[in-house]
Number of protein chains: 2
Amino acid sequence: MSRDAPTLEDVAQEAGVSRATVSRVINGVRNVDPGIQETVRRAIERTGYAPNRAARSLVTRRSQTVALVVSGAGDTPEEVHNAVATRVFADPFFGRVVSGVVGYLRPRSMHPLLMFAESEETRRQVLTDLRQGSADGALVVSTHADDPLPALLADAGLPAVLFARPSRPVPLSYVDLAHRDGAALAADHLLARGCRRIATITGPLDVAASRERLAGFRDTMARRGYPYVPVAEGGFTLDTGASAMSALLSEHPDLDGVFAANDLMAQGACQTLREHARHVPSDVAVIGFDDSSAAVGCRPALTTVRQPVEEMAAAMARLLDEQVRGVRGEATSVIFEPELVVRESA
Amino acid sequence: MSRDAPTLEDVAQEAGVSRATVSRVINGVRNVDPGIQETVRRAIERTGYAPNRAARSLVTRRSQTVALVVSGAGDTPEEVHNAVATRVFADPFFGRVVSGVVGYLRPRSMHPLLMFAESEETRRQVLTDLRQGSADGALVVSTHADDPLPALLADAGLPAVLFARPSRPVPLSYVDLAHRDGAALAADHLLARGCRRIATITGPLDVAASRERLAGFRDTMARRGYPYVPVAEGGFTLDTGASAMSALLSEHPDLDGVFAANDLMAQGACQTLREHARHVPSDVAVIGFDDSSAAVGCRPALTTVRQPVEEMAAAMARLLDEQVRGVRGEATSVIFEPELVVRESA
DNA sequence: CTGAAAGCGCTAACAA
DNA sequence: TTGTTAGCGCTTTCAG
């Protein structure tokens, strides 16, 4: 019995007070005599007491945990799960999300519970987990445009916040970036440094962010007198960036500037340019997007449009927290402004 | 009231049986009449019942959750936490760990709770969280050799399993790779393809795995008649791999083979070699370690020594699970065998 | 094979 | 300001 973890009762006994008083001290409820407070603290110290989370959750109806769910496409078979997890985590983006989320959660003694939802069944599982109270709500990072999870969550009335505006409207809060503004920043920077034959490598065009970045870039270029911009579509990966660059180069050998919709593709573009004996930035200036770790890892270091992912992720956590606590009623969206980071590539 | 989640009692009422019976059906306890079983199932369906996790945990004293803790060095200040999370997640290795862990956990309706322990305070927090029952045990991935967390966990008697053998002995289970065997594979492959002036780029030598890989490589080379192997130390990153390669090249311009202690450094080495106009593999053969996503992403694709990270991570989860369930008493270690993966670079 | 009842450890009315 | 008490929703003896 002495091997069992001490309970509130044990501490109360040790301190010579009631359970309720100890509970008050622990939860920082006012109206507790400072002297008693000290006595209780010492008793807690002596007994090595740690409040049982399950018991607390049972009465507060809150788990102090949020699901961080990586949500995929329509129906990835179970077997490919490995690939999904590996790919997502390999992307420096996700690390920044985790970082931001933990930054908000940790000071509040909350934790993220990791979940994947890449198939019909696993999505159902996420809903069940939430209904069971495994987590108080979900932070959803979708890897595909047509992710059905947000709608499911909304229909079930479960608290959730999304990263990026969903392709079809859903009554859920989300955080997003002013992608158009970011692309405008890129266009203006390339033009300012004297580039005149500028192309762009887009992300997958079924992703809203990709379309926004392209639209913003084109708009600004047109407004500045360059209505025609060569475009190649990539897939946000190094490889596709490299291929897209090859394609652009063979069509327009005289290019002197490229805007890639993310850093990984910009890096791929740099590789291709080097292989084609183009110097970056003197022959061709390259500008990326995100300011991910790839940007500084790239040689030359990438000039890029910074997306404040950590802050965005922290905001997600905050929105969810407020929603769970009932501080916030309606679904809200928070849009962040991008920022140009000038390094060597442009 | 009707908006409240249905409880066991509601289901029992609906099915016309007692709470206990419903509980038995849900938990698959035998001794329940098949007819009643069916009735109960239907009642569950109709009510949309989902068992409350906190309530269950309170009585079973199990959270069905394990902490996946990324544990850092001595005393990273709180502010640098971002960097830690970002760096760790950027490493493709961690994604594979998550993948393996989730692969084991999910079929058992368990989830990983993400935690970071990079300072005195956050380590204390991890211990507290575990004592509170936030998780049933910890899966620890240390990023530094002198990580104090394992010892703390062991002292507190908390269930835990480590990735890699701790530098100082600790009575905890762990999984690891036969690093020496892997290095031997690399040496033999380079020799077999005709390389005769072979060097190696090691990982940080305060990391046991780095030392093992180096020792294994040297042993095999010596045994094959090459007692002297040029060595350069790297830091498991692309940059350090590139620098190490430069150093080796300036000392030994006639090198024809390199073994790098991980893929990222091998990739860096390839970059340097290209800059120095050495063709890979015809001038210099390069072999990496891990078979991470970097290996396939690299141009040329990396020949490498595969570390079955997913399986290793799954084994960690299994060991922990068994320990929590009391199936396993003593600390155990499971050592995995590496495998050569031949691609283009050697 | 099924039901009644006793908690698991905690918080939160309500009394004092 | 403190204590008493009634549950939170579930599992699990123990009877029947």
Side-chain angles (χ1 to χ4, degrees), chain A residues 1 3-41 43-44 47-64 109 128-134 136 325, chain B residues 1 3-41 43-44 47-64 109 128-134 136 325:
Chain A
M1 294 298 104
R3 286 237 63 75
D4 256 21
T7 77
L8 257 195
E9 187 63 52
D10 297 328
V11 179
Q13 206 133 43
E14 177 79 19
V17 299
S18 75
R19 280 208 314 269
T21 300
V22 179
S23 175
R24 288 185 188 109
V25 171
I26 286 170
N27 295 308
V29 178
R30 48 167 205 280
N31 295 345
V32 178
D33 181 283
I36 303 243
Q37 219 163 113
E38 194 42 39
T39 313
V40 170
R41 271 189 216 305
I44 291 176
T47 52
Y49 172 74
N52 180 306
R53 214 116 183 192
R56 179 179 290 181
S57 289
L58 183 54
V59 34
T60 62
R61 323 183 81 53
R62 206 140 291 165
S63 67
Q64 297 296 86
S109 352
T128 303
D129 285 332
L130 288 170
R131 271 202 308 263
Q132 290 189 147
S134 295
D136 299 328
R325 297 207 321 263
Chain B
M1 295 298 103
R3 286 234 65 73
D4 256 21
T7 77
L8 214 44
E9 187 63 51
D10 298 328
V11 179
Q13 208 132 41
E14 177 81 17
V17 297
S18 73
R19 283 208 311 271
T21 299
V22 179
S23 176
R24 288 187 187 106
V25 172
I26 286 170
N27 297 305
V29 179
R30 44 166 210 280
N31 295 344
V32 178
D33 181 284
I36 303 243
Q37 220 163 115
E38 194 43 39
T39 314
V40 171
R41 271 187 218 306
I44 291 177
T47 52
Y49 171 73
N52 180 304
R53 212 106 185 202
R56 180 180 286 182
S57 290
L58 183 54
V59 32
T60 61
R61 321 181 88 35
R62 206 140 289 164
S63 66
Q64 297 295 85
S109 355
T128 303
D129 285 333
L130 287 170
R131 271 203 309 261
Q132 290 188 150
S134 295
D136 299 329
R325 297 206 322 264

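Here is the naming used below: chain letters follow the sequence lines, and residue numbers restart at 1 for every chain. Owing to the predicted nature of the structure, the values given are computational and were not obtained by experimental measurement.
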Between B/S23 and B/L8, what is the shortest heavy-atom contact and its length? CB-CD2, 4.1 Å

Donor-acceptor contact present, side-chain [X] to main-chain [Y], <3.5 Å:
X	Y	value
B/Q37	B/V32	yes
A/N27	A/V29	no
B/E14	B/A43	no

Got a second to check how far [X]'s [atom1] is from [Y]'s [atom2], nearest 0.5 Å?
X	Y	atom1	atom2	answer
B/R53	A/T128	CZ	OG1	10.0 Å
B/S63	B/R56	OG	CZ	12.5 Å
A/D10	A/R19	CG	CZ	11.0 Å
A/I26	A/R41	CD1	CZ	9.5 Å
B/D4	A/R61	CG	CZ	6.0 Å
A/Q64	B/D129	CD	CG	11.0 Å

So if I take the C1' atoms of five pairs at each end of the helix from C/dC1-D/dG16 to C/dA16-D/dT1 and get each local axis, what angle do the two axes make, rounded to 10 degrees? 40°

Bounds of contact between DNA chain D and chain B, in 5' to 3' order, using a heavy-atom cut-off under 4.0 Å: D/dG9 to D/dT13

Encode nucleotides 3-10 of chain C as B, S and - characters from 5' to 3', where the letter depends on protein heavy atoms closer than 4.0 Å: B to the base, S only to sugar-phosphate, - to neither. BB-B-BBB

Classify B/D33 by what it touches in the nucleic acid, base, sugar-phosphate, or nothing, heavy-atom distance under 4.0 Å. sugar-phosphate

